[in-house]
Structure formats: structure tokens, C-alpha cells
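Here's the structure, in C-alpha cells; my notes come after.
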Number of protein chains: 2
Amino acid sequence: MDKRPSKSKLKCCGDEVSLLLPQDAGAEQLAKLAWAVAHPARVRIVQLLLSRTSCVCGEIVDQMPLAQSTVSQHLKILKDSGLVQGEIDGPRICYGINQKMLKQLKKLVADL
Amino acid sequence: MDKRPSKSKLKCCGDEVSLLLPQDAGAEQLAKLAWAVAHPARVRIVQLLLSRTSCVCGEIVDQMPLAQSTVSQHLKILKDSGLVQGEIDGPRICYGINQKMLKQLKKLVADL
DNA sequence: GAAGCATATCGTTGATCAACGATTGGTTAC
DNA sequence: GTAACCAATCGTTGATCAACGATATGCTTC
């Protein structure tokens, strides 16, 4: 077990960091968006979505050496970050890049 | 224990991905650099280093609610990514941003 | 050489990631 | 309604992250 009972200092990575570091509001968001593309598979997914304006999950799975559940998991991470949106298109789901968020990411990185 | 003995498919995240996805050479590098700034504390460190052109580890520790060992660990991650360089300056170590790598990161993100 | 200070590294712990197969949920077609 | 298909979720596992304290290393200075 952990020897640190409840130091009230900093748990790890999470929302508490922002409370202790109020000065960097953008740091949190940059970290969140950077995290979304901090995995080769997710970068690849973003590239696929950008190259085709829209894409179904099945197509992504076909182009990657990963199981469907794993791809779906990565898509969830991308969706949670806001970088990717999915809209229901009949029986399948049409995924696409959230251009606003992508712009935000580009701006945050460019302003570093 | 893991039920997957050695599927020779894909271990997780690592160098093997590049072997199986040769088309995205840049995806790996973007993921690696994005990963470096995928944590609020590391974004903060980069910002600190940029705002002062150079910075000693002790100053960074003073400005963050983290232990010295934790900051040193984050610095190591940043160094491993290439974004940050450290040169020995007498008894202390002077850290600074590797502008070339930062430019590379900006370019990779901008080209998305 | 010993003392002192600045960093790095070691060793530990709990939390999270990333992968998979299996199952569930939802939508169309018969 | 049932079958078929697509995508999401569940449950598991091993690996890695992130945090800390404690210890080791390295360079000055005395």
C-alpha cells in the first residue's frame, strides 16, 4: 500500500493540478489536447480522418493493425479530448475532426 | 497473467508500431513530442524555460508544487524527447529549450 | 579531503494506459 | 420479430506513469 496517507499535496495527474497551479489555464488544455495525439495510433486516426473529411470506424480498423475494440477505445479518447466528433449516419457512425479544436491545438502549440 | 502469449501482432506502444505502420514516419515523432507536453507539469516547465531563456532546476522546483525528484523526472522525460537540453554550468545545470525540436513540434502540429 | 549544495537515480506504491476477446446495444433489412 | 452488421462497452492483463522519500553522484569551496 501507499505510505502517503493523504498528504493533501498533489495526488498525481488530474484536476487537482489546476487548483494548485492557477496561473497556467492553457497548460491544462494543451496537455489535454497533446495527450490526445500522444500515441501513434491516435495520430494515424487523426490523419485518416483529415484525409477523407469523414470516415467510418470500420475503415479505420481495416487500415490499422489493431483490434476493433482497441480502435474504438482510441476513438473514445479522441472524442473525450474534443478533437474528434462522431455523428450517427444510419447504421454506422461518421467520425470527423472538430476543426475548432484542432485550431485550438495548433494555436496553443504555436504560441509556446 | 496475460492470456496473449506472443501474437506477434502489436505489443502496445513502442517501436514495433513503426515497423507495422511504415507509412507514418511523422506520426511516431509527433506522438513522441506531443507526449512530452502531454502533462500540465511538463507544459509548465517548458513555459518557464521559454520565459527565461535558461533556468536551473532549483528555480523550477520552487515554482511548482512538486518534489525535486518528481521535477527531475519530468525533466528527464523532456530531455529524452529532445525538447529540452541541459548543459552543466558549474555546480548546477542550466536547462533550456531545444529550439530546433520545438520548431519540429510546431511544424508537425501545424501540418496536421 | 571534508562539507555543502544541486541533480540525478533508486525503490516503492497506486493509478492509469493499452491491448485483447467477449458481450451488449442499436439500426437496418428481411 | 429475427438476423446481420457495426460500434461501444465490459472485464482482464501486463506495462507504464507519476508521485514521493531516501540515497547516490558531482562539482565547488574551504
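Side chains are part of it too, since the values below use all heavy atoms of this structure and drop only hydrogens, waters and symmetry mates. Just so we're on the same page: letters track the sequence lines, and every chain starts at 1.
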Any heavy-atom pair between the side chains of B:Ile93 and B:Val56 that's under 4.5 Å?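 B:Val56 vs B:Ile93: side chains apart.
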Where the side chain of [X] is defined as all heavy atoms beyond and including C-beta, which of [options] is the nearest nucleotide?
X       : options              : answer
B:Ala67 : D:dT9, C:dT9, D:dG21 : D:dG21
B:Ser69 : C:dT9, D:dA18, D:dA7 : C:dT9
B:Leu66 : D:dA7, D:dC20, C:dT7 : D:dC20

Spacing between [X] atom [atom1] and [N] atom [atom2], to the nearest angstrom:
X       : N      : atom1 : atom2 : result
A:Ile77 : D:dT9  : CD1   : P     : 12 Å
B:Lys76 : D:dT25 : NZ    : C1'   : 15 Å
A:Leu78 : C:dA18 : CG    : C1'   : 14 Å
B:Arg44 : D:dA18 : CZ    : P     : 18 Å
A:Trp35 : D:dC17 : CH2   : P     : 9 Å
B:Glu87 : D:dG26 : CD    : C1'   : 17 Å
B:Lys79 : C:dT7  : NZ    : P     : 11 Å
B:Gln68 : D:dT23 : CD    : C1'   : 11 Å

Per the salt bridge (charged side-chain N to carboxylate O under 4.0 Å, His left out) rule, what does the pair list look like for residues 70-85 of chain B, sequence neighbours excluded?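 Qualifying pairs: B:Lys76-B:Asp80.
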Quick one: salt bridge (charged side-chain N to carboxylate O under 4.0 Å, His left out) pairs with a partner in residues 94-105 of chain A, sequence neighbours left out? none
Please tell me if [X] has a side-chain N or O lying less than 4.0 Å from either OP1 or OP2 of [N].
X       : N      : value
B:Thr70 : D:dC20 : yes
A:His39 : C:dA19 : yes
A:His74 : C:dC17 : no

Return a single string for nucleotides 25-30 of chain C, one symbol per nucleotide in 5' to 3' order, where B is base contact, S is sugar-phosphate-only contact and - is none, cutoff 4.0 angstrom on heavy atoms. --SS--
Got a donor-acceptor contact below 3.5 angstrom from the B:Arg42 side chain to the B:Trp35 backbone?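 Answer holds: yes.
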Quick one: list whatever passes side-chain contact (heavy atoms from CB on, under 4.5 Å) with A:Thr70, sequence neighbours left out.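 A:Leu66, A:Ala67, A:His74.
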Contacts of type side-chain contact (heavy atoms from CB on, under 4.5 Å), residue B:Leu75, not counting sequence neighbours: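 B:Ile45, B:Cys57, B:Ile60, B:Val71, B:Tyr95.
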Please compare B:Arg92 and B:Gln73 by the position of their nearest nucleotide in DNA chain C and report the one closer to 5'.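 The residue whose closest nucleotide sits nearer the 5' end is B:Arg92.
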Partner residues of A:Lys107 under the salt bridge (charged side-chain N to carboxylate O under 4.0 Å, His left out) criterion, sequence neighbours left out: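 For A:Lys107 the salt bridge (charged side-chain N to carboxylate O under 4.0 Å, His left out) partners, ignoring immediate neighbours, are A:Asp111.
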